[in-house]
Amino acid sequence: MAFHVLITDPLSKEGIQVLEQQENLQYEFATDLSSDELLTKIETADALLVRSQTQVTRQLIESAGNLKIIGRAGVGVDNIDINAATERGIIVVNAPNGNTNSAAEHTMAMLMALSRKIPQAHYSLKNQQWDRKKYVGVELKNKTLGIIGLGRIGAEVAYRAKGQRMNVMAYDPFLTPEKADHLGIDYGTVKEVLNKADFITIHTPLLKETKHLLNEEAFRQMKPGVQIINCARGGIIDEEALYQAILEGKVAGAALDVLEEEPFHHHKLLNLPEVVATPHLGASTVEAQENVAVDVCQDVIWFLTGGVVQNPVNLPSLPKEVLRRIEPYFHLAEKLGSFLIHLTQDVIEEVNIYYSGELAGVETAPITRNTVKGLLTRHLGDHVNDVNALYLAEKRGIHIHENRTTTTKGFTNLLTVEIVTNTEKRSVAGTLLNGLGARIVQVDHYSVDVTPKGHILMIRHQDKPGVIGKMGSLLAQFNINIATMQVDRAQVGGDAVMMLTVDKHLEAKELEALKQLEEIHQANAIDL
Ligand SMILES: NC(=O)c1ccc[n+]([C@@H]2O[C@H](COP(=O)([O-])OP(=O)(O)OC[C@H]3O[C@@H](n4cnc5c(N)ncnc54)[C@H](O)[C@@H]3O)[C@@H](O)[C@H]2O)c1
Ligand SMILES: O=C(O)[C@H](O)COP(=O)(O)O
């Protein structure tokens, strides 16, 4: 069956061409849908592609039966309920780099329009009025531009403002005075930026912490005559407070590309002559739309066809070279998790993952997620994936600990997973052998050498003559062929382990019959 990609906001044709080149994929444009229509449409979609207009709510996400990925052709994901997506194991990707330049250029255009009152003068002239006195502006040169949020766009704006010979002062939680110095700008706290700037531009995401960042109190702290630019998100400015600050003459002008309610029906700020505005056009250039559409469509295809995405929002993103190094371990990790869950009937309380050898020096979080995914899938089903595995484990009170050790037992890399239940501890260790692939090399304290795939029968028994024979004949009675077999023991006549790979799944009654043999303490059928 072909993947169904639902596109609910306008998307550039270059992105569509990327989708068209993919076999087994059908896309459907369905813009301007009512929320009820959207709820119906989403039911069959494997992927949803949006910009900022579609509100991807929890209700929408929960109505989606097949949805695996939400792609945002742009940066801001405040229109997507990320927690709801994560809980359902739906990956969210965005296209964070493609519109940086356009948004920075738009900010500069707004800054200049504001300082020289270009939109107002233009409007007046178009109304056949020649008024040169009313539209006297101010220069940017030697003025201070305060930037709140020095990420991708903020930094590009800083660079351009320096070209206008402005002094730039910025605040960002990740900016240090040393970094600022290196960039040739001044570091300021929020208070210092508010106190000193002649123009203030905001470039943060809309978050709980940035909602109404510029509020009544913030406007009070600003210089009289300050001018404000917002090309980031509506809601970062308290619009009522801005309105009052303009009426009081504290704020001389504001340039707004974004508003708290979009699209809106009537907005009183727009009636003020001091306000210039555009309808969320920061990313609306041919180039930016082409970039973000291609980036996000590429990620959607990679994800649906089993590849690795470039710009995940609800998973940490990793540089390609790091990913290339750790990706081979994902399969091993998942198999080890899956192996272990077959060994216990008890409730898992704790999972300890030990990274040894060359694994001790790599980014392990994605390997951990795959291990946990392997552990949970048997009981929770296929909706467990590496997006929601840790969330689902936490919800079930399972504590996950990562450890790095130097114990490699002679392997260049060794991944050991231990589960702790209220009654027991079980463990399995695996390695990637050069040229030979994944191997399980230890189960509990026994050494083994098993490829983690197919049907495995693990027997814990007493080391005694004749046990292997009895086992073999019983399996023969069930018409179960043994493909490989290994035995290891703690001591002569003591506890021992038998690992068999067999050609078919063992039914419960067959397993029960094995357990009836008096020398057998435990028998687990493991399907990997
Ligand atoms: N108008 C448009 O069309 C348009 C286009 C692109 C992006 N945007 C918006 O612009 C904003 C910035 O985008 P970006 O690509 O630069 O993102 P980014 O993630 O690169 O930068 C955001 C920066 O804000 C900083 N930040 C977070 N909380 C802060 C706080 N309380 N105070 C100060 N700084 C804080 C972060 O540390 C980060 O450096 C986003 O809201 C995005 O949605 C708008
Ligand atoms: O966050 C963004 O990328 C911008 O706000 C662009 O939004 P848009 O895709 O709706 O133009």
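In what follows, every heavy atom counts, from backbone to side chain, and hydrogens, waters and symmetry copies are set aside. The shown structure was predicted, so the numbers you read here are calculated from the model rather than taken from an experiment. Counting starts at 1 for both ligands and their atoms, in listed order.
Of the N or O atoms in Pro173, none lie within a sub-3.5 Å distance of an N or O in ligand 1. Considering backbone and side-chain atoms together, Cys231 places an N or O closer than 3.5 Å to an N or O of ligand 1. Annotation: Thr100 places no N or O atom under 3.5 Å from an N or O atom of ligand 1; distance criterion only.
For atom 32 (N) of ligand 1, the closest non-hydrogen atom of the protein is Tyr171 CE2, 3.4 Å. Of the protein's heavy atoms, Thr204 O, 3.6 Å lies nearest to atom 40 (C) of ligand 1. For atom 16 (O) of ligand 1, the nearest non-hydrogen atom of the protein is Ile153 N, 2.9 Å. At the shortest separation from atom 22 (C) of ligand 1 among protein heavy atoms lies His203 O, 3.4 Å. Scanning all protein heavy atoms for the shortest distance to atom 25 (C) of ligand 1 gives Asp172 OD2, 3.1 Å. In this structure, atom 9 (C) of ligand 1 lies nearest to the protein heavy atom Ala232 O, 3.6 Å. Nearest protein heavy-atom neighbour of atom 17 (O) of ligand 1: Arg152 NH2, 3.4 Å. The nearest protein atom to atom 27 (C) of ligand 1, hydrogens excluded, is given as Pro205 CD, 3.8 Å; this is a heavy-atom distance.
Assignment of His280 to the shell around ligand 1 is supported, since a heavy atom sits closer than 4.0 Å. For Thr210, the closest heavy-atom approach to ligand 1 falls below 4.0 Å.
Figure legend: cation-pi geometry between Lys68 and Phe303 absent, as NZ or CZ is not positioned both under 6.0 Å from the six-membered ring centre and within 45° of its axis.
The ligand atoms of ligand 1 that sit less than 4.0 angstrom from a heavy atom of Phe174 are 37 (O). Those atoms of ligand 1 that come under 4.0 Å of a heavy atom in Gly76, given as number and element, are 43 (O). Proximity to Arg233 (heavy-atom distance under 4.0 Å) selects the following atoms of ligand 1: 41 (O), 43 (O), 44 (C). Listed by number with element, the atoms of ligand 1 under 4.0 angstrom from any heavy atom of Ile148 are 33 (C).
Using a 4.0 Å heavy-atom criterion, the residues that approach ligand 2 are Arg51, Ser52, Arg72, Ala73, Gly74, Val75, Gly76, Asn99, Arg233, His280, Ala283.
Thr368 and Glu402 share a side-chain donor-acceptor pair at under 3.5 Å. Neither side chain, Thr416 nor Tyr355, offers a donor N or O lying under 3.5 Å from an acceptor on the other.
The side chain of Asn99, and not its backbone, has at least one atom closer than 4.0 Å to an atom of ligand 1 (non-hydrogen atoms only; side chain from C-beta on). With a 4.0 Å heavy-atom cut-off, ligand 1 is reached by the side chain of Ala103 but not by its N, CA, C or O.
Relative ring orientation between His267 and Phe264 is described as perpendicular, the plane-to-plane angle rising above 60° on a 0-90° scale split at 30° and 60°.
For the side-chain hydrogen bond (donor to acceptor under 3.5 Å, both in side chains) test, residues two or more places apart in sequence or in another chain that qualify with Thr54 are Thr8, Asp9.
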